[in-house]
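Here's the structure, in structure tokens; my notes come after.
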Amino acid sequence: MASVEIQQTPQVLDIESLKDIKEVQVNEIQDDFLINNHHLIQSPYTDEAHLLDLRTLDNENEILARALTRFRCLRPDYATAPYVESFNWPEVIAEVKRLSEAGAKGFKETSFYIVAFRSQIKSSSVAADLGRLDKAAHGEAVASGGFLKYWFGEPDADLRNLATCVWRSRDDARNGGRGPAHREAAGATRSMYAFWKIDQHRLTIRDGAESWEIIPWEE
């Protein structure tokens, strides 16, 4: 679990397998994440069924979803490194602040639910099977609502990896995991993974995005 980290705000692609993922320079293609002013690419999956409908979100969740188009990994050992240090959260929050100041509604303090899935796949696992299960579960989760961002990396030399989800709330995450695709993926976990661990975090962004923190999730 991540330790408490309080900060002051400073100043894709359809895949055939998990190993085909390459780092994207988000700043260069940020405008391409928004489709027809309403639908946002929030994951490596770009099919229509995997797009986030911004019209289903309130002001704060829409702003964070837009800001998360800048989300990227900062270090190669993200599979085992501390969660907060592995990503460019200060840049994301700076974008939240920029968008809130550009809009008419500002930004009121809001908390969000984050899941980090740490894993080590078995050498016998087939990447295409993992990709199929993951894509189906993702489409199901997007359809359930409140799924703001999905990112996953590439297995390292020891086949360890990290995937992370940002949700509007924990209830949304629970609802997103109740469908048949998620049940199938969960049922395949023991056969495909040598190790897995789920960490839960709370992201709180304060009024005006003046400060923020990511801490372990507690009810």
Side-chain angles (χ1 to χ4, degrees), residues 2 5-15 21-46 50-79 81-103 105-117 138 141-142 146-154 161-168 172 201-215:
E5 177 135 348
I6 300 177
Q7 301 281 348
Q8 294 296 318
T9 304
Q11 359 151 152
V12 337
L13 314 168
D14 194 10
I15 60 172
I21 303 166
K22 304 298 181 183
E23 182 175 349
V24 175
Q25 295 300 319
V26 174
N27 289 340
E28 297 178 2
I29 65 170
Q30 187 183 16
D31 291 343
D32 293 339
F33 281 83
L34 187 63
I35 310 297
N36 66 33
N37 293 322
H38 298 305
H39 292 88
L40 194 71
I41 298 172
Q42 58 87 274
S43 78
Y45 306 117
T46 61
H50 297 269
L51 303 180
L52 173 62
D53 188 345
L54 296 174
R55 295 170 295 182
T56 66
L57 304 176
D58 65 12
N59 177 65
E60 284 70 27
N61 281 275
E62 179 179 349
I63 287 176
L64 179 58
R66 289 176 179 269
L68 283 167
T69 61
R70 294 185 177 270
F71 187 77
R72 60 187 174 87
C73 183
L74 296 178
R75 50 193 294 174
D77 61 342
Y78 53 79
Y83 181 81
V84 177
E85 298 172 15
S86 295
F87 299 100
N88 65 330
W89 285 106
E91 181 182 347
V92 171
I93 304 303
E95 181 67 359
V96 169
K97 184 175 178 63
R98 187 191 71 80
L99 290 171
S100 66
E101 291 175 346
K105 298 181 180 179
F107 191 96
K108 296 179 180 179
E109 179 172 326
T110 307
S111 290
F112 308 88
Y113 179 65
I114 296 175
V115 175
F117 179 69
H138 179 269
V142 168
F147 192 8
L148 305 182
K149 183 67 178 181
Y150 180 49
W151 179 94
F152 59 85
E154 181 179 352
N161 203 359
L162 171 68
T164 188
C165 307
V166 182
W167 290 86
R168 179 173 54 189
D172 285 325
H201 309 280
R202 182 190 298 272
L203 165 63
T204 300
I205 305 175
R206 312 212 187 280
D207 289 350
E210 293 294 338
S211 64
W212 61 281
E213 65 179 358
I214 293 178
I215 62 175

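Predicted model, so just to flag it, every value in this text is computed and none were measured.
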Inset, instruction - Please work out whether the ring planes of F87 and F71 are parallel, tilted or perpendicular, with thresholds of 30° and 60°. - result: parallel
Legend entry - Min side-chain heavy-atom separation K97-I93 under 4.5 Å: no
Inset, instruction - Calculate, to the nearest 0.5 Å, the distance between atoms CG and OG1 belonging to L40 and T69 respectively. - result: 6.5 Å
Inset, instruction - Can you measure from CG (N36) to NE2 (H39) and round to the nearest 0.5 angstrom? - result: 6.0 Å
Inset, instruction - To the nearest 0.5 angstrom, please state how far the CZ atom of R168 sits from the CG atom of L64. - result: 12.0 Å
Legend entry - Spacing of CG belonging to L51 relative to OH belonging to Y45, to within rounding of 0.5 Å: 13.5 Å
Legend entry - N88 side-chain N/O to L74 backbone N/O, donor-acceptor pair under 3.5 Å: no
Inset, instruction - Considering non-hydrogen atoms only, spot the tightest contact between F107 and A209 and give its length. - result: CD2-N, 4.3 Å
Legend entry - R75: salt bridge (charged side-chain N to carboxylate O under 4.0 Å, His left out) partners, not counting sequence neighbours: D77, E85
Legend entry - Sole residue of I215, I114, I214, L203 in side-chain contact (heavy atoms from CB on, under 4.5 Å) with V84: I214
Inset, instruction - Using the side-chain contact (heavy atoms from CB on, under 4.5 Å) rule, take R70 and F33 through it: C-alpha gap first, then chi angles, then the decisive distance, then the call. - result: CA-CA 10 Å; R70 294 185 177 270; F33 281 83; over 6 Å; no
Inset, instruction - Please work out which of the three classes, parallel, tilted or perpendicular, describes the rings of W212 and W89, given edges at 30° and 60°. - result: tilted
Legend entry - Closest heavy-atom pair and its distance - S86, A81: OG-CB, 3.5 Å
Legend entry - Nearest heavy-atom neighbours spanning Y150 and C165: CD1-SG, 3.7 Å
Legend entry - Straight-line distance of H38 NE2 to L54 CG, nearest 0.5 Å: 9.0 Å
Legend entry - Under the salt bridge (charged side-chain N to carboxylate O under 4.0 Å, His left out) test, residues paired with E62 that sit two or more places apart: R66
Legend entry - Pairwise side-chain contact, V166 with W151, heavy-atom cut-off 4.5 Å (strictly under): no
Inset, instruction - For T204 and R202, run side-chain contact (heavy atoms from CB on, under 4.5 Å): C-alpha distance rounded to whole Å, both residues' side-chain angles, the deciding distance at 0.1 Å, then the answer. - result: CA-CA 6 Å; T204 300; R202 182 190 298 272; 3.7 Å; yes
Legend entry - Nearest non-hydrogen partners of A67 and V96, listed with the distance: CB-CG2, 3.5 Å
Legend entry - Taking every non-hydrogen atom, the tightest pair across G106 and I63: O-CD1, 3.7 Å
Legend entry - Gap separating the NZ atom of K105 from the CD atom of E60, nearest 0.5 angstrom: 8.5 Å
Legend entry - Validation row: L52, L57 side chains within 4.5 angstrom (heavy atoms): yes
Inset, instruction - Kindly indicate whether the side chain of H50, heavy atoms from C-beta on, has any atom under 4.5 Å from the side chain of Q42. - result: no
Inset, instruction - Check whether the ring centres of W167 and F147 lie less than 6.0 Å apart, and answer yes or no. - result: yes
